[in-house]
Amino acid sequence: MQLSTHDLACQRGDRRLFSGLEVCVRAGQLLLVQGGNGRGKTSFLRLLSGLGEPEAGEVRWNGVSIASAGEDYQQAMAYLAHANGVKDDLTPVENVQVQAGLRGQRVSCAEIEPVLVRMGLAACLDLPARVLSFGQRRRVALASLLLSGAALWILDEPLTGLDVRGVAEVEGLLREHVQGGGMVVMTTHQSLQLQGVEIVPLQIGPVMLGQMSLPTDVAERG
Amino acid sequence: MQLSTHDLACQRGDRRLFSGLEVCVRAGQLLLVQGGNGRGKTSFLRLLSGLGEPEAGEVRWNGVSIASAGEDYQQAMAYLAHANGVKDDLTPVENVQVQAGLRGQRVSCAEIEPVLVRMGLAACLDLPARVLSFGQRRRVALASLLLSGAALWILDEPLTGLDVRGVAEVEGLLREHVQGGGMVVMTTHQSLQLQGVEIVPLQIGPVMLGQMSLPTDVAERG
Amino acid sequence: MVWQSAADFWAMGGYGLYVWGSFGATALGVALEVWLLGRGQRAGIKQLQRMQRWEAE
Amino acid sequence: MNLYHYAAPAAFYGLAGRLIPWFAWGAALFAAAGLYISFFVAPTDFQQGEAYRIIFIHVPAAWMSMFIYMVMAFWCAIGLAFNTRLSFLMARALAPTGALFCFLALWTGALWGKPMWGAWWVWDARLTSELILLFLYVGIMALWAAIDDPKRGDRAGALLILVGAINVPIIYFSVKWWNTLHQGSSINLMQAPSMAATMLIGMLVMAIAAWLYTIAVALVRARGLVLARERHTEWVQKIIKEA
Amino acid sequence: MWRFLMTVIRRDLLLAARRKGDWLTAQFFFIMVVSMFPLGIGADPEQLRRVAGGVLWVAALLASLLSLARLYADDHRDGSLEQMLLSPQPTVLLALGKAIAHWLIFGLPLLLIAPLLGMQFALPLEAILVLVASLAIGTPVLSLLGGIGAALTLGLRGGGTLLTLLILPLYVPALIFGAGAVDGVLAGMGAEAQLSLLGAFMGMSLLIAPWVTAAALRVSVD
Amino acid sequence: MWRFLMTVIRRDLLLAARRKGDWLTAQFFFIMVVSMFPLGIGADPEQLRRVAGGVLWVAALLASLLSLARLYADDHRDGSLEQMLLSPQPTVLLALGKAIAHWLIFGLPLLLIAPLLGMQFALPLEAILVLVASLAIGTPVLSLLGGIGAALTLGLRGGGTLLTLLILPLYVPALIFGAGAVDGVLAGMGAEAQLSLLGAFMGMSLLIAPWVTAAALRVSVD
Ligand code: HEM
Ligand SMILES: Nc1ncnc2c1ncn2[C@@H]1O[C@H](COP(=O)(O)OP(=O)(O)OP(=O)(O)O)[C@@H](O)[C@H]1O
Ligand SMILES: Nc1ncnc2c1ncn2[C@@H]1O[C@H](COP(=O)(O)OP(=O)(O)OP(=O)(O)O)[C@@H](O)[C@H]1O
Ligand SMILES: [Mg+2]
Ligand SMILES: [Mg+2]
């Protein structure tokens with residue numbers, strides 16, 4: 001299992017965000033994408049997910065361009081964007097169920113509930129997501145990520161809106177997933193506690209002062 | 001000149017944000033409103049500005065309720081919200097001119113341009129605001145604040161989107177305004193360098209760990 | 001007595017469809033409103049209980 | 001005991017709870033009496049045959065649809081003038097019933113129109129303005145449904161209701177002039193047959209039943225709204241826990 | 001006061017001039033809806049003539065509602081509505097100014113387009129003149145009453161449809177008198193009565209609508 | 001695949017059931033617009049009968065456009081559209097499912113309302129049946145073609161009006177055949193020819209529209 005980019009370039013509007021980007025992640029690795037606001041982290045993740053179209057180069061899954069891998073790749077991949085994809089009018093359980101259905105999977109309530117409870121949502125299983133706080137909605141999205149069974153997680157700032165406990169939980173999930181042979185590609189502006197996880201750092205855009213410290217920081221602790 | 005609140009209470013949706021709030025600012029003082037996200041800082045400033053309706057209590061200007069003071073108060077007050085009120089399709093000069101017209105004032109281009117230049121916008125006086133960066137638009141709004149001649153400034157996070165130089169400039173403006181006998185009510189999540197300014201700190205909502213340090217921090221340096 | 005027989009009553013002098021259509025629709029509307037009201041009331045209290053449970057956490 | 005006491009939500013909740021059964025049973029009683037008069041006391045009309053019995057439901061429904069709108073406008077004016085939250089709740093509680101009666105007036109009118117005029121519908125002033133009244137009801141309820149913030153919803157709805165209240169008479173007269181200016185209406189619609197006393201009594205009894213029903217239903221609805229609005233107060237928390 | 005009113009109007013005209021595409025859509029919508037009818041009801045000129053008044057007027061109502069949906073929405077989003085509400089000048093003037101500006105942008109061009117469309121419907125010259133007169137008196141009503149709806153539905157989801165639902169019933173008298181005037185002249189009965197009733201309705205809207213709009217703006221912004 | 005399609009449809013129906021107010025507005029818009037016409041063109045039953053088909057069909061077009069403006073917009077805003085696009089299932093199915101759901105929510109109720117409105121226009125029973133039949137065949141066309149416009153205008157300012165301008169011309173054949181069928185039966189010429197042409201148009205839309213919508217979605221989300 002391997003995700004790699006080959007001479008990848010990205011253009012937004014009339015700005016070239018990056019070009020000639022080559023990077024490779026294998027099972028058991030976490031690719032940490034870094035860079036300041038507006039550098040193109042989100043744009044890069046969208047290219048990886050297949051939502052965006054590269055200006056040049058291509059993204060390969062097990063050596064095959066993701067455009068040709070198509071369904072195989074989408075089956076193996078789950079993407080969590082800035083926006084959660086959680087519908088305000090559905091309950092957490094319904095949200096997760098619908099998400100699974102959209103992936104072509106069928107999961108029963110009995111499977112969903114323990115996961116939601118694990119994410120700390122026990123008290124609001126049957127409330128519409130509208131009354132949940134931002135962080136809680138994020139957890140609903142993470143729950144359906146867990147249930148998707150995807151090997152590759154692409155996470156765009158999964159920690160935003162989470163409180164200290166939530167961050168620790170997500171770190172736990174990440175560690176578990178990577179150490180169990182999964183792959184993660186993610187961005188975050190916060191620092192991570194990921195002991196025992198093999199981290200591949202990637203800097204997007206020009207390197208800036210404050211940010212240089214982070215990768216080493218993580219790597220040291222990691 | 002004095003702005004005071006009496007037994008002020010605020011409710012948003014079905015949540016009571018604060019109640020029984022009593023505070024008083026005089027000429028030459030800066031009221032620094034603090035509190036975590038969603039505590040009600042913005043809601044408090046809206047009550048002060050007269051945009052919001054208090055659940056109980058009242059805001060007084062020179063001892064008269066602002067509802068009765070009406071035009072007098074609005075003449076003396078200028079409010080800068082999260083949103084700038086800058087129109088994308090107008091140039092900075094036109095924006096400032098329109099703002100002044102809406103206050104019933106007439107200012108000529110000759111008066112406006114130096115202020116915009118002072119705010120570091122010399123290069124984009126006749127570009128539509130659409131092409132300006134977020135921080136530059138903020139400066140346009142600050143320019144019309146300066147030109148309004150209001151004695152009381154109510155500023156909701158005036159530093160967001162400003163770079164280091166911009167922050168220093170705003171600090172300069174604040175110092176000048178307060179020391180010249182003006183009044184400021186403001187919130188910010190950043191720390192301020194306001195030597196020689198009399199700061200009245202106000203904590204909204206329950207006190208949290210990380211925030212307690214800020215007021216003393218400011219006061220010490222102030 | 002206005003009516004000779006029950007059948008007579010239901011026929012309404014040939015206007016049964018219209019008369020019973022009117023009264024029936026009214027009965028239906030009132031019944032529906034009362035039913036919805038009762039259901040909404042119970043659902044509302046249940047929702048409030050859930051919210052309370054949730055906010056208590 | 002003063003009136004302001006009952007303007008307090010908790011007191012209102014209790015009082016309404018005690019009053020509802022009275023209004024509900026009263027409504028049932030009057031409805032039974034009214035139906036008895038409609039079908040067994042009132043004689044057959046020699047012109048319209050039995051079809052005229054629709055009047056016992058049609059006229060009260062039409063009256064109610066208009067009265068309820070006026071009552072809503074009244075409560076909204078009070079609410080805006082004195083900032084009393086309960087008055088907005090009353091307006092909210094009344095609207096669905098008003099819309100129901102409006103619909104019933106249209107429906108029964110149409111069913112009456114077919115045998116009488118040979119058409120389900122004609123664009124007569126009264127019919128048209130009743131239809132527009134239904135639109136107003138629907139618009140108001142849609143506005144409430146779209147606004148999540150209760151306070152904003154109350155006030156926005158109140159403003160719309162009041163504007164509608166000014167406009168309804170204008171609409172009525174404009175439609176009336178429209179029809180007379182265009183062409184003479186071939187049938188003179190609402191020329192009530194010289195009404196016999198029994199018919200009048202029957203209609204009045206049914207109208208009273210409709211009133212009592214409306215009050216009962218509105219109070220139930222208002223109680224629910226009060227609970228939701230005041231859910232952070234102690235008395236509501238206690239009620240919820242016990243329920 | 002005068003300066004304030006003029007500023008509001010000039011500002012909206014300036015903005016409209018900068019984004020021509022935006023306001024032309026309402027005019028095109030009008031033309032399109034009117035042009036749909038001959039396709040739907042057949043091309044018999046006699047029949048077209050008889051329905052012309054009604055069709056043109058209904059299309060004008062719908063086009064006005066479509067353009068009204070954004071009367072306050074853009075200003076609300078970028079914060080300039082708040083600035084206008086905080087002006088020392090009365091909000092009623094703001095509402096009035098916005099309605100006048102909307103009429104200048106929307107209603108006035110309609111008067112120029114209407115004769116052309118009237119010809120498509122085989123209207124005689126006299127009827128076309130009355131049509132234009134009725135639109136001249138009637139379209140201000142649309143801008144005024146529609147402003148109420150625009151203010152009430154500010155920032156709501158699905159605001160456009162909702163606006164239609166709220167305001168269309170209130171437009172009825174304008175429709176009846178306006179279309180009635182055209183029909184009256186076609187029937188040889190003259191249009192004075194209808195036009196003067198329409199004028200009375202316009203006068204009443206002018207008296208009431210700005211106040212209600214101002215109140216609605218305060219409610220919606222809170 | 002089947003599960004995916006069903007999930008998409010069921011999800012939209014569930015969401016509609018949770019927010020009744022939202023989709024009822026489109027139906028009421030239809031009723032209101034239709035009811036405005038007699039006020040505009042006069043109450044003569046003979047004349048009303050002759051324009052009924054055209055009026056009802058134009059109103060159906062407009063109502064569909066209004067409700068379509070939000071077909072993908074809400075999902076786009078909360079990120080669930082991206083999730084659906086990343087599903088291993090083909091996007092065409094998504095577009096098809098959304099169109100079917102829209103038809104169930106919008107078109108089906110229209111078929112129930114139309115007879116009542118037909119009575120208001122003094123249509124004979126036979127014509128009412130043909131009207132319902134034409135709507136039954138024609139409204140799917142509206143949902144299908146409209147989906148293209150909804151996908152193209154995703155996230156644009158003033159999307160609603162733009163959508164109308166783009167899609168109304170595409171609707172013209174449906175309008176001509178649909179209203180023509182009603183007129184045909186009134187003129188005693190039968191409606192089979194028109195209805196079968198309408199059916200052919202529907203079949204064609206069914207074949208083409210989902211593919212175009214899918215492509216448009218990919219473009220708009222990028
Ligand atoms: C859809 C059709 C109809 C509608 C919307 C309608 C509406 C109304 C309304 C709003 C009223 C109350 C008027 C008021 O109190 O000022 C009313 C009263 C009445 N309607 Fe109708 N109506 C319809 C059809 C009919 C028909 C077909 C008849 C009889 C042939 C009829 C007979 C009456 C009578 C007798 C009254 C009471 C008269 C009065 O109080 O002055 N209506 N209707
Ligand atoms: N649809 C678009 N059209 C044009 N430019 C865009 C578009 N989306 C993003 N951009 C621009 O591309 C650049 C990169 O944006 P991107 O969202 O990838 O940044 P990011 O690294 O994720 O930033 P952040 O840390 O704020 O999330 C930004 O300058 C942005 O303005
Ligand atoms: N229109 C509204 N309706 C209901 N609740 C609201 C509304 N506006 C704000 N709130 C709620 O009121 C609370 C206070 O919001 P406010 O914007 O005043 O916070 P703040 O202190 O300014 O936060 P921040 O630091 O994020 O700017 C929040 O919990 C928010 O969700
Ligand atoms: Mg990003
Ligand atoms: Mg804030």
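Every chain is numbered from 1, with letters handed out A, B, ... down the list of sequences. What you see is a predicted model; the values in this text were computed from it and never measured.
- Chain F forms more heavy-atom pairs under 4.5 Å with one residue of Leu80(A), Asp88(A), Val98(A) than with any other, namely Val98(A).
- With salt bridges taken as basic N to acidic carboxylate O contacts below 4.0 Å, none links Arg218(F) and Glu53(A).
- Contact check for Gln83(F) versus Leu102(A): no side-chain heavy atoms found under the 4.5 Å cut-off.
- The minimum heavy-atom distance between Gln105(A) and Arg3(F), with the atom names listed, is O-CD, 3.7 Å.
- Using a 4.0 Å cut-off between a side-chain N of Lys or Arg and a carboxylate O of Asp or Glu, Lys87(A) and Asp75(F) qualify as a salt bridge.
- Without hydrogens or angle criteria, Arg18(F) side chain to Asp89(A) main chain gives a donor-acceptor distance under 3.5 Å.
- Counting only heavy atoms from C-beta outward, the side chains of Leu86(F) and Leu51(A) approach each other to under 4.5 Å.
- Note that CG of Asn84(A) and CG of Asp78(F) are 8.5 Å apart. Values are rounded to the nearest 0.5 Å.
- Counting all heavy atoms, side chain and backbone alike, Gly79(F) lies closest to Ala83(A) at CA-CB, 3.7 Å.
- If you measure heavy-atom distances from Arg106(A) to chain F, the contacts under 4.5 Å come from both the backbone and the side chain.
- Arg103(A) approaches Ser87(F) most closely through the heavy-atom pair CA-OG, 4.3 Å.
- Residue Arg10(F) does not touch chain A at all, counting heavy-atom pairs closer than 4.5 Å.
- The distance from atom OH of Tyr79(A) to atom CG of Leu85(F), rounded to the nearest 0.5 Å, is 11.5 Å.
- Using a 4.5 Å heavy-atom threshold, the side chains of Arg11(F) and Glu94(A) count as separate.
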